[in-house]
Amino acid sequence: MARLTLDDVTKVYTDDGGGDIVAVEEISLDIDDGEFLVLVGPSGCGKSTTLRMMAGLETVTEGELRLEDRVLNDVSAQNRDIAMVFQSYALYPHKSVRGNMSFGLEESTDLPDDEIRQRVEETTDMLGISDLLDRNPGQLSGGQQQRVALGRAIVRDPEVFLMDEPLSNLDAKLRAEMRTELQRLQEELGVTTIYVTHDQTEAMTMGDRVAVLDDGELQQVGTPLDCYHRPNNLFVAGFIGEPSMNFFDGSLSGDIFRGDGFDYPLSDATRDQIGDASDLTLGIRPEDIEVGERRSGDRTFDAEVVVVEPQGNENTVHLRFAEGGEGARFTATTTGRSRVESGDRTTVSFPEDAIHLFDGETGNALKNRELPSNRAIGAYISD
Amino acid sequence: MSQSSPTGSFDVASLVEDVNLRRVGQYALVVFFLGFFLVPLETGIMTAIKTNESVARSLPFAPPASEGFTLGNIQFALEQLSGSFFNSLVMSIPATIGSVLFGSMAAYGLTMVNWRAQMGVLMLFVVGVFVPYQAVLVPLARFWNNIFPLARMIEPMVASIPFFQGYHADLVPLVITHIAYGIPICTILFRSYYQSLPNSLVEAGKIDGASITKIYRRIILPISKPMFGVVFIYQFTQIYNEFLFAFTLVTGSDAPAAPVTLVLPAIGASTSGIDFGIRMSAAFLAAVPTLILYVAFAEQFAKGLRTEA
């Protein structure tokens, strides 16, 4: 168990033509002892490369990687005392479950055979796969293979766990189950864990902290709710949250945000936060849009319902401004019992305390939503 | 293809319907090719068990008449070949194991381990496949006879091994030559198999703390068992049937270390003419080891071909 530090870590590949491709650019992270950090981002954002550098499967081009005070850059994967769970599980097909799990202990420690045996059995007990010990991976279901892959990492009792999308090959129900199971195990073992995923649900629910990556660069590191409510920029705002945040491009004229099909007046307090940016993007989360509750005020607009996706507990409603162009669509979520149908004319309100404003050029957040000074939420959000 | 009725009950009408020109043609072709391949074989067997007189009188593929039948040919051929059988096996088995094992190791190193200039080395292996035998015969003979006469050097050592004679030392240069010549093709065959294996297996091994050699021995080697079956059969057949290297390094059919392929052409030939019965018997006997191998490894062979495709 240890603290893992990345200091301006960069990975540059050289392509066939001799050109350089920057896969990961100057990432700095500090992962605390026992922390569960989720690396999240779209495919090709460099999250797996970052993980593989931690594992020692890729070399670090620049920067420094440290485990406690030990610099890992030139330490081979064999000597890092790090365990990894692969997306494909990578179980040894010719070995039994027992063989798969004891291999790492046989190769990396001098433990006597009966000690290895005992450790393997303890781990399988913990994972509930003791009855599979003598089977081969080919005879196991996807979920069982996943557990064995997990067991292979746990049994070694490493300093750090690395997980590369370990749940992506499971069906939805099993994935949800394993999500909580993994969290429970991690809490129990207290091992520093770095978990890579492209699934924002996993990012939101599993990690102590989330690190959002895009295009090889770190966009934001924070608690899940921090990233959700106080995104650093447009990318984080759009990536975290499902359905994702609505964005409206527009410009500022006076105290009014002019978007396609609607004019949104800004209060003085908001206006002050913006500074002198004139090209703006207004963002609002679907659940913050109030649909159909006719309210007086100039932050309410006429809209038309385009499509309704009922989900039982809630509806995802796709809407269009009555006066806007065909492209200006947005989504809102309403409770499952509200009755809206496609073609309906309705009104939508954007409460001012729920809107985000981003710089239209840089994409950086200028104003994030206000949160009630509620301790329950505040506790999850660092300042 | 025709389809039987879905209920599975026997339907005569559909059977009659199926007899059309296309199907008749198909079966005719099958029967023709069956004959095309089997008649020479049958002719060979018949010739092998006929006396020389009977061979001259009867049709080649006809079975021998009662007085023309003999097992003497086979007995004679076996006596003539027994020594060279031993030579052949002494040569082919270590040469096959050596080239297959080294080929697999080289393929692992060239496919699943990353290092610089790997492409250049692989190209050398590919070139090695295409070096013509004829071009190296003279240098090879000079090397083993004049520059590095290994056979003469180890002769006393070989003579002291039970069941071996001093002249078996002549086979050692041949074994080494076959190993060297077999490595490129074995490497290429194994490489295509290793490329189809997921790289994450090696990575998982590394993270589990195993060294590159341990990963080969404990993970890759056991996984490539089916491929070993294929390459082993292929390589054994090649080396066992090889003639040119044997002819160059062991020289004649009368040499005591001559393998089967050298002795075979000389059997049954004498000043009074050629004894076809003896020749045929010898040819069949010579083919027996490869046949046994195919039958013994048929399952592995099929599995290996499947995994490769």
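By convention in this document, chain letters (A, B, ...) are assigned in the order of the sequence lines, proteins followed by strands, and residues within each chain are numbered from 1. Scope of the values below: all heavy atoms of this structure, side chains included, with no hydrogens, waters or symmetry mates.
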Checklist line | Partners passing salt bridge (charged side-chain N to carboxylate O under 4.0 Å, His left out) against E64(A) (at least two apart in sequence or in another chain) | finding: R66(A)
Next item on the list: Tell me the residues of residues 128-137 of chain A whose non-hydrogen atoms fall below 4.5 Å from those of chain B, in number order.
Entry: none
Note to self: Only heavy atoms, only distances under 4.5 angstrom. Which residues in residues 43-59 of chain A are near chain B?
What the structure shows: R52(A), A55(A), L57(A)
What I'd like to find out is whether the side chain of [X] reaches to under 4.5 Å of the side chain of [Y], using heavy atoms alone.
X	Y	answer
I219(B)	H94(A)	yes
I220(B)	Y92(A)	no
I207(B)	R156(A)	yes

Checklist line | Heavy-atom proximity to chain B below 4.5 Å, by part of Q87(A) | finding: neither
Next item on the list: Let me know if L105(A) has heavy atoms under 4.5 Å from chain B in its side chain, its backbone, both or neither.
Entry: neither
Next item on the list: Could you list the residues that satisfy side chain to side chain contact (heavy atoms under 4.5 Å, CB included) with F143(B), not counting sequence neighbours?
Entry: I147(B), F148(B)
Next item on the list: Assess whether atom CG of D69(A) is packed by more than 12 heavy atoms of other residues, nucleotides or ligands within 6.0 Å.
Entry: no
Checklist line | Pairs of heavy atoms under 4.5 Å with chain B: top-ranked of P93(A), S76(A), A83(A) | finding: P93(A)
Notebook entry, point to check: Pick from R218(B), K214(B), K225(B): which one has the most heavy-atom pairs with chain A under 4.5 Å?
Noted result: R218(B)
Notebook entry, point to check: With no hydrogens and no angle check, is any side-chain donor or acceptor of Q78(A) less than 3.5 Å from a backbone partner on K206(B)?
Noted result: no
